[in-house]
Amino acid sequence: MSMRSDMDSSVRSYEEAFSPYWHPVAFSQELKERPLPARLLGTELALWRTGSGVAATRRYCAHRGADLCAGEVSGEGLRCAFHGWTYGTDGRCVRIPSQPGVPIPAAAAVSSFHAAERYGLIWVCLAREPAAPLPEWPELETGKIATVALPRLDWEVSAGRMVEIVLDVTHLSWVHRGTFGNPEQQEVAPYEVERRAGGLRAQISYPALAPALDGAPPKVDKTTLVYEVFYPFAARLTFKPTLFFPHTVYAIASPWSEEKMQCFYFASYHPALRHFPDIFVKSELAILEQDRLIAEGQRPRAHPLDFSGEVHVRADRLPLEYRRGVIALRTGGPVELPTPA
Ligand code: FES
Ligand SMILES: [Fe+2]
């Protein structure tokens, strides 16, 4: 038996590998008094606010499959619009209005999942036991920092490929021409990637181009960029430019399937920077559109489970280290980095 088929036999399905992790499924502000539909790893969800927090259950009623997101939240739980069956946060039916006083059948239940609200996001873990806690971003909880979010990025891209493009150091000078990319800076200086518990860290310096406002040529803005990965699909990027405002970007890809994700993307900044949100949203949407055109065209769409189908060079070290970690989550064992060309 070859090594390859040994590996294949131990590879977990995509859903099995990533369902034990927390993934964002909505921005907090999207979830109001009505239940909200969401999707994660092929599972259709109904999210709703309870008296004390948030709940996530399967989206379709156990009685006749009606959409629970068309229902309402009552004091007892999530009430189906079709016949009024009501579900508690544990997914068990607590009321069948057509037959009060009759014991509720045990099968009258919908699956329920772990749900939490943090960093302005609603997070869900589909597995019975989460394999890791939520990422720790304490700076977002001090109350001393402001945040601004983009609309969800709804791309035809796998979550792993999305994170790889976020971590890709070489593409800045190519894909981001006309926004901040500097076409003069094509060589990538060697950089280190630190492996950490549950993630990675790397730092580079990049001579970004800052557009001048008065029609003058763009200025070079020497920017320090710190990349941090939180497995499986979250990244935090700290930008320390010299001409623009320092800020931190959070990009969390949430997998709908092995080939499709939505990305929750927001920035934190000093609240005194009153104009930051407008500038950030406008420029970042232009930058991300450049990324989307490349990422949606990549094949295979699924994040590769090995290194053999692509060619790797030294500058790819950060996305490669990231891929190594993701493959390890699928195979459950240590994975060696390929030797760069
Ligand atoms: S389908 Fe939901 S109560 Fe009947
Ligand atoms: Fe990019």
Side-chain angles (χ1 to χ4, degrees), residues 35 37 44 46 48 57-74 76-88 91-100 102 104-105 107-112 150 153 155 157-183 185-186 188 202 204 206-209 223 225-227 229 233 235-239 241 247-253 261 263 265 267 280 282-298 315-316 318-319 322:
E44 302 286 348
W48 47 287
T57 59
R58 184 174 172 269
R59 182 169 169 183
Y60 298 102
C61 184
H63 179 217
R64 286 294 179 273
D67 183 357
L68 291 172
C69 292
E72 274 181 294
V73 180
S74 75
E76 285 177 312
L78 180 57
R79 186 169 61 212
C80 181
F82 201 174
H83 314 99
W85 290 27
T86 304
Y87 299 92
R92 289 235 288 272
C93 183
V94 294
R95 180 177 297 275
I96 297 181
S98 65
Q99 49 178 36
V102 175
I104 292 173
V110 288
S111 306
S112 72
L150 300 184
L153 306 175
W155 295 4
V157 173
S158 56
R161 287 239 193 240
M162 178 67 190
V163 178
E164 278 194 16
I165 202 167
V166 169
L167 302 176
D168 190 289
V169 172
T170 318
H171 84 295
L172 304 178
S173 299
W174 295 93
V175 175
H176 297 305
R177 288 180 184 199
T179 53
F180 71 101
N182 184 343
Q185 183 63 46
Q186 297 180 2
V188 174
I204 64 160
Y206 184 72
L209 289 189
T223 303
L225 239 165
V226 179
Y227 295 89
V229 170
F233 301 127
R236 174 169 66 180
L237 273 59
T238 307
F239 289 82
H247 62 282
T248 301
V249 164
Y250 305 76
I252 313 116
M261 62 100 226
C263 185
Y265 199 100
F280 174 79
K282 193 158 166 267
S283 67
E284 205 70 15
L285 286 175
I287 291 166
L288 286 162
E289 183 60 9
Q290 295 174 316
D291 287 320
R292 186 185 67 79
L293 292 171
I294 292 291
E296 289 192 337
Q298 283 180 284
D316 299 323
L318 178 56
Y322 169 69

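Start at 1 and go down the list; that is how both ligands and their atoms are numbered.
With a 6.0 Å radius and a threshold of 12 heavy atoms from other residues, nucleotides or ligands, Arg95 has its CZ atom at or below the threshold.
Scanning all protein heavy atoms for the shortest distance to atom 1 (S) of ligand 1 gives Arg64 N, 3.2 Å.
The side-chain contact (heavy atoms from CB on, under 4.5 Å) with Cys80 is formed by just one residue from the set Cys93, Pro97, Cys61; it is Cys61.
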Starting from the C-alpha separation in whole Å, work towards a yes-or-no answer on side-chain contact (heavy atoms from CB on, under 4.5 Å) for Val169 and Tyr227.
CA-CA 10 Å; Val169 172; Tyr227 295 89; 4.2 Å; yes
Applying side-chain contact (heavy atoms from CB on, under 4.5 Å), run through Tyr322 and Glu164 and close with a yes or a no.
CA-CA 7 Å; Tyr322 169 69; Glu164 278 194 16; 3.7 Å; yes
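With ligand atoms numbered from 1 in the order given, ligand 1 contributes 1 (S) to contacts under 4.0 Å with heavy atoms of Ala66. Short contacts between ligand 1 and Cys61, defined as distances under 4.0 Å to a heavy atom of the residue, involve ligand atoms 1 (S), 2 (Fe), 3 (S). Proximity to Cys80 (heavy-atom distance under 4.0 Å) selects the following atoms of ligand 1: 1 (S), 2 (Fe), 3 (S). Short contacts between ligand 1 and Trp85, defined as distances under 4.0 Å to a heavy atom of the residue, involve ligand atoms 3 (S).
The Fe ion (ligand 2) is closest to atom OD1 of Asp291 (considering only N, O or S atoms). His83 has its closest N, O or S atom to atom 4 (Fe) of ligand 1 at the position named ND1.
Side-chain atoms of Asn182 and His176 form no donor-acceptor pair, as typed in the model, at a separation below 3.5 Å.
Vertex the Fe ion (ligand 2); arms to His176 atom NE2 and His171 atom NE2; angle 90° (nearest 10°).
Counting heavy atoms from C-beta outward, Val157 and Gln298 have side chains that stay 4.5 Å or more apart.
None of the N, O or S atoms belonging to His63 lies under 2.8 Å away from atom 2 (Fe) of ligand 1.
Here His247 contributes atom NE2 and Phe239 contributes atom CZ; the two are 5.0 Å apart, rounded to the nearest 0.5 Å.
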